[in-house]
2 protein chains.
Amino acid sequence: MAARPSIKDVAEYAGVSPKTVSNVINDFEHVSEKTRAAVREAIEALGYRVNIAGRQLRRGRTGMITLAVPELDVAYFAELAKHVMAAADGRGLTVLIHQTGGVRDRELAALHGFDAQFTDGVILSPLALLPRDFATRDTRLPVVLLGESCPAGSADHVGIDNVAAAREATEHLLARGRRRIAVVGGALRGRLGTDRLRTQGYQEALRAASVPFEPELVVPVGAFHWQDGARAVGAVLERGPAPDALLCLNDHLALGALRALHEAGLRAPDDLDVVGFDDIEAGRFSVPSLTTVAPDKAGIADAAVSLLADRIDRASAEDASGHIVAHRLVVRESSGG
Amino acid sequence: MAARPSIKDVAEYAGVSPKTVSNVINDFEHVSEKTRAAVREAIEALGYRVNIAGRQLRRGRTGMITLAVPELDVAYFAELAKHVMAAADGRGLTVLIHQTGGVRDRELAALHGFDAQFTDGVILSPLALLPRDFATRDTRLPVVLLGESCPAGSADHVGIDNVAAAREATEHLLARGRRRIAVVGGALRGRLGTDRLRTQGYQEALRAASVPFEPELVVPVGAFHWQDGARAVGAVLERGPAPDALLCLNDHLALGALRALHEAGLRAPDDLDVVGFDDIEAGRFSVPSLTTVAPDKAGIADAAVSLLADRIDRASAEDASGHIVAHRLVVRESSGG
DNA sequence: CATGCCGATTACAACGATGTAAATAGGCGG
DNA sequence: CCGCCTATTTACATCGTTGTAATCGGCATG
């Protein structure tokens with residue numbers, strides 16, 4: 001038998017109808033023990049596996065969900081992926097992971113279910129999507145957004161309170177006597193993304209402490225990778241007097257910055273403090289270890305999967321809801337802990 | 001229209017038959033310009049998207065492949081995933097990523113195509129599979145194995161020459177005068193996996209240099225994560241006189257080890273050398289930066305995708321082939337570079 | 001013994017797309 | 001104007017699975 005056996009082959013082998021085989025596969029209760037055994041044996045003998053395409057075509061469901069993230073080599077997303085898989089496992093869902101590269105077209109594809117057609121829903125961590133992209137969204141595909149928020153009401157959303165998190169991190173630095181805190185990866189204008197929200201929290205903390213805000217301490221970066229953090233430090237140091245702290249908007253930036261500082265002969269926390277966001281594994285083992293804002297990744301994953309599963313099950317047109325997940329500041333060596 | 005529109009809806013809207021719509025979608029040449037335009041407009045108007053399940057059912061192909069790796073939060077796999085996506089893009093293939101957790105059952109599922117049914121083939125990086133698992137393999141699903149080899153002839157394989165790579169890394173350490181080189185993550189018995197092959201290369205280098213092999217310098221680890229590297233260093237230091245070099249079988253182990261050494265007051269490369277495998281991003285930015293064996297990840301990804309695409313296209317029953325991909329030793333600060 | 005009921009099994013159609021083969025429509029030469 | 005040829009379009013069947021509803025057979029009841 002060259003071709004993959006179908007339910008029909010199994011039926012023939014077992015001497016029953018295809019539908020009975022289907023009933024056995026789906027644990028339908030009214031099947032005699034004898035028949036059930038015969039079918040099981042036939043399945044075993046032929047090495048039959050249910051064909052998901054056929055099943056989906058008929059049922060309209062696959063039991064699979066897609067997790068679409070910008071880049072897997074950003075540790076935060078990789079770690080998140082693990083938690084999402086764990087959360088999905090508990091609900092009998094299988095997760096397929098998709099990289100968008102932060103490219104708008106690919107994110108759109110995920111949002112519209114083009115790539116994700118055979119999954120029942122999508123958990124998407126958008127980077128490049130614009131508000132208008134949500135207007136034309138195909139609302140038949142359940143979507144949960146992570147991190148970046150979106151125009152109200154267009155899709156469920158899960159994330160931490162970015163403003164508060166940045167405020168707390170900044171307060172920590174201020175409490176340590178730091179006054180010239182650079183925001184690596186910060187943004188003052190443009191899309192109201194994570195970067196702007198965090199920068200906002202930073203500004204709030206400064207204001208509350210009556211520390212003047214210096215716009216030139218907001219250092220933009222190309223991307224959120226190690227080398228961008230290193231480059232940013234180069235730029236900052238070149239520009240004039242060194243700041244006394246770096247609030248880096250993710251851990252990769254912070255770790256890249258630590259390296260560049262090291263090369264420049266500056267040490268954290270002696271010469272200046274460094275704080276990151278995400279609490280990735282690398283920050284626990286770096287030298288110095290990295291102070292960071294740790295989002296409750298398991299909580300994010302749980303909430304996202306749970307919201308998505310609800311949408312899928314109820315095909316509900318309920319209004320989109322937002323979930324704020326806990327975070328906490330983990331103080332380590334890079335800011336004196 | 002609540003439900004997702006099907007090709008039939010488009011046909012009706014455009015006033016043609018479903019098959020004509022199909023012809024337009026698939027760029028069949030004998031379609032009049034007028035009809036083509038009408039169908040295009042209908043597709044646009046209804047927001048129609050081709051249903052992959054239906055297509056696969058009919059065609060037997062999806063244009064998607066699965067990449068199944070143990071853990072995405074092992075940076076090597078995350079980086080590899082990126083290269084695989086790039087390679088696949090070039091061939092018009094879409095990649096779905098799947099985490100096995102290194103759990104045998106999940107790897108088996110990937111191998112048997114259970115999870116991956118709607119993909120045309122699988123690139124699998126196995127950890128826990130046993131030789132006998134390949135015996136019962138469903139050979140209808142094209143599979144390419146990465147890293148770990150497998151019983152000859154059962155599936156295509158792509159990887160670096162682990163023995164040579166470890167030998168070269170060891171030679172580098174020996175050339176620097178190191179004599180008591182610990183192998184973190186090494187193995188002397190058990191499955192002939194990457195760990196054993198690399199340990200073997202290490203032993204070969206020692207023998208060639210007439211340096212006695214000390215079995216207690218082979219330090220087993222639970223997994224290949226940061227904390228395992230740190231733990232291994234703890235064990236080694238407890239046990240007696242410190243080695244003068246650590247050959248860590250991946251970069252995570254090496255970076256975890258660097259941290260533990262730092263805590264123990266030992267510095268690389270002054271007190272001892274540290275070398276890793278994989279050339280992950282973190283090793284370029286660590287303090288000290290990490291000497292490592294860099295596999296040609298793009299080369300691995302290209303070869304894997306290419307082999308897989310061939311199998312899929314030709315449905316060939318040709319004998320399995322093995323591809324050895326280049327590697328090179330990148331010397332950085334942790335071993336004096 | 002007829003009737004009704006219930007559990008077990010099955011026939012049939014349908015999900016959406018597309019390959020095959022047949023039908024239809026123009027166009028052109030005769 | 002007819003018939004043939006080609007370009008375009010269509011009808012139909014099919015991929016594998018499962019929901020619906022019908023059928024079958026056995027058993028208990030009246």
Side-chain angles (χ1 to χ4, degrees), chain A residues 1-40 42-43 46-64 113-114 117-118 120 138 140-141 315, chain B residues 1-40 42-43 46-64 113-114 117-120 138 140-141:
Chain A
M1 177 149 328
R4 175 179 202 127
S6 81
I7 212 168
K8 217 188 294 182
D9 302 313
V10 176
E12 198 168 328
Y13 187 101
V16 298
S17 79
K19 177 62 190 176
T20 297
V21 175
S22 171
N23 286 338
V24 171
I25 294 168
N26 293 289
D27 285 324
F28 180 61
E29 58 180 341
H30 298 303
V31 177
S32 72
E33 231 14 88
K34 211 178 80 184
T35 309
R36 195 180 296 274
V39 171
R40 291 250 163 80
I43 288 176
L46 299 178
Y48 168 79
R49 298 274 167 187
V50 56
N51 177 321
I52 298 192
R55 170 176 286 178
Q56 178 185 18
L57 193 53
R58 185 62 239 226
R59 291 219 276 228
R61 284 275 189 88
T62 57
M64 313 214 162
F114 179 71
Q117 284 210 20
F118 35 39
D120 301 334
D138 181 343
R140 290 181 291 260
L141 178 75
Chain B
M1 176 145 335
R4 173 178 204 128
S6 81
I7 210 168
K8 216 188 291 182
D9 303 312
V10 176
E12 199 168 326
Y13 187 103
V16 298
S17 78
K19 176 62 189 175
T20 298
V21 176
S22 171
N23 285 338
V24 172
I25 294 168
N26 294 288
D27 286 323
F28 180 61
E29 59 181 340
H30 297 303
V31 178
S32 71
E33 230 15 89
K34 210 178 78 185
T35 310
R36 194 181 296 274
V39 171
R40 290 250 164 81
I43 287 176
L46 299 178
Y48 169 78
R49 298 270 167 190
V50 53
N51 177 320
I52 299 192
R55 173 176 284 177
Q56 179 187 17
L57 193 54
R58 187 60 238 226
R59 291 220 275 230
R61 284 276 188 90
T62 58
M64 312 212 162
F114 180 72
Q117 286 213 16
F118 36 39
T119 56
D120 301 335
D138 180 344
R140 290 180 289 259
L141 177 75

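To find a chain, count down the sequence lines: A is the first, B the second, and so on, and within it residues start at 1.
In terms of heavy-atom proximity, B:S17 sits nearest to B:A11 at C-CB, 3.6 Å. Across every non-hydrogen atom of A:E29 and A:R36, the tightest pair is O-NH2, 3.7 Å.
Ranking C:dC15, C:dA17, D:dT17 by closeness to the A:L57 side chain, first place goes to C:dC15. Of the candidate nucleotides D:dG16, C:dA17, C:dT9, C:dA17 has the atom nearest to the side chain of B:I7. Ranking D:dG19, C:dA17, C:dT9 by closeness to the A:T20 side chain, first place goes to C:dT9. The side chain of B:Y48 lies closest to C:dA17 when the candidates are D:dG16, C:dA17, C:dG7.
B:E29 has its CD atom 9 Å from the P atom of D:dA7, to the nearest Å. In this structure, the CD1 atom of A:I25 is 12 Å from the P atom of D:dG19, given to the nearest Å. In this structure, the CG atom of B:N26 is 17 Å from the P atom of C:dG16, given to the nearest Å. Rounded to an integer number of Å, the gap from CZ of B:R36 to P of D:dA7 is 15 Å. Protein atom CD of B:Q56 is 12 Å distant from nucleotide atom P of C:dT18, rounded to whole Å. In this structure, B:I52 places its CD1 atom 16 Å from C1' of C:dC15, rounding to the nearest Å. Rounded to whole Å, the distance from CZ on A:R59 to P on D:dG19 is 6 Å. Note: NZ (B:K34) to P (C:dA25) measures 13 Å, nearest angstrom.
Between A:H30 and C:dA8 there is a side-chain polar atom (N or O) within less than 4.0 angstrom of OP1 or OP2. For the pair A:R55 and D:dT18, the criterion of a side-chain N or O lying under 4.0 Å from OP1 or OP2 is met.
Looking at heavy-atom distances under 4.0 Å, B:N23 makes contact with a base. Counting any heavy atom pair closer than 4.0 Å across all strands shown, A:S32 reaches sugar-phosphate atoms only and no base atom. Within the 4.0 angstrom heavy-atom criterion, base atoms lie near A:S22. Counting non-hydrogen atoms under 4.0 angstrom, A:V16 reaches the backbone sugars and phosphates but no base. Using a 4.0 Å heavy-atom criterion, one finds that B:F28 contacts the bases of the nucleic acid, with or without backbone contacts as well.
Side chain of B:N26 to backbone of B:F28: no donor-acceptor contact under 3.5 angstrom is found.
Of the two residues near DNA chain D, B:E33 and A:G54, the one whose nearest nucleotide lies more 5' is B:E33.
For the atom pair CD of B:Q56 and CE of B:M64, the computed distance is 9.5 Å after rounding to the nearest 0.5 Å. To the nearest 0.5 angstrom, A:L57 atom CG is 9.5 Å from A:N51 atom CG.
For the pairing with A:Y48, the side chain to side chain contact (heavy atoms under 4.5 Å, CB included) check across A:I7, A:V39, A:D9 returns one residue only, A:I7.
Between the base of D:dG19 and the side chain of A:K19 there is a donor-acceptor pair shorter than 3.5 Å. Judged by distance alone with a 3.5 Å cut-off, a donor-acceptor contact links the side chain of B:R58 to the base of C:dT18.
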